[in-house]
Amino acid sequence: MGRQIAGRRAARLAGFTLVEIAVVIVILGLLLAMIAGVAAALVGQQRREATRQRLAGVETALALFVAQNKRLPCPADGRIAGNAAGAGVELGGGGAVCQVVPGTPNSQTHGVVPWRTLGLSEPDVTDGWGSRLTYRVAPELVAGNAMEFTACDPG
């Protein structure tokens with residue numbers, strides 16, 4: 001009889017209790033939640049940095065465009081698919097009014113950076129979340145020679 005009691009005790013002590021398993025599951029859940037939070041923060045940081053770099057590229061392209069054309073480009077229509085004809089091309093360029101919505105003067109509701117006009121690719125004007133960069137411009141800055149600064153004295 002003594003052996004039967006010792007055998008039962010050994011069998012009882014060999015496994016885990018439900019409380020122990022629950023504690024382990026809670027600890028693992030907390031660790032996974034912390035890891036997920038850190039991973040989400042890293043992904044967000046990478047997206048912000050990619051957007052920052054792309055904005056710097058657009059700024060450089062705009063400066064080159066102004067140096068060559070003495071005006072800012074009109075926005076492109078953001079509703080046109082990237083591979084369609086006319087996508088990424090400024091609408092109404094060189095005039096006093098940019099037209100993004102056909103027939104509606106000075107409407108830039110769907111305006112995006114005109115990447116083809118600036119010599120960029122569509123990914124160059126897309127933010128870290130996959131959306132095109134919006135672009136608006138004042139009508140007086142798109143007119144011919146609106147940004148002619150050669151007569152300015154740098155001193």
How about CD on E59, more than 12 heavy atoms from neighbouring residues, nucleotides or ligands closer than 6.0 Å, or not? no
Is it true that, when you exclude L42 itself, more than 12 heavy atoms of the residues, nucleotides or ligands shown sit nearer than 6.0 Å to its CG? yes
Would a hydrophobic clustering, with Ile, Leu, Val, Met, Phe, Trp and Tyr connected at side-chain separations under 4.5 Å, put M34 with V23? yes
With a 4.5 Å cut-off on side-chain heavy-atom distances among I, L, V, M, F, W and Y, is there a chain of contacts connecting F16 to I25? yes
Say whether, by atom type as modelled, one donor and one acceptor occur between the side chain of [X] and the main chain of [Y] under 3.5 angstrom.
| X | Y | result |
| --- | --- | --- |
| N69 | V66 | no |
| R47 | W129 | no |
| Q68 | F65 | no |
| T51 | G128 | yes |
| R132 | V125 | no |

Under a 4.5 Å cut-off applied to non-hydrogen side-chain atoms, are [X] and [Y] in contact?
| X | Y | result |
| --- | --- | --- |
| L91 | C74 | no |
| P73 | L118 | yes |
| V58 | Y135 | no |

Working note: W115 + L133, criterion side-chain contact (heavy atoms from CB on, under 4.5 Å); need CA distance, chi angles, decisive distance, verdict. CA-CA 10 Å; W115 67 88; L133 299 173; over 6 Å; no
What is the minimum heavy-atom distance between [X] and [Y], and which atoms define it?
| X | Y | value |
| --- | --- | --- |
| P75 | P114 | CA-CD, 4.4 Å |
| A87 | I80 | CB-CG2, 3.7 Å |
| T117 | V89 | OG1-CA, 3.5 Å |
| A61 | L120 | CB-CD1, 3.9 Å |

Does E90 pair with R71 as a salt bridge, N-O distance under 4.0 Å? yes
State the CG-CG distance between L55 and L62, to the nearest 0.5 angstrom. 10.5 Å
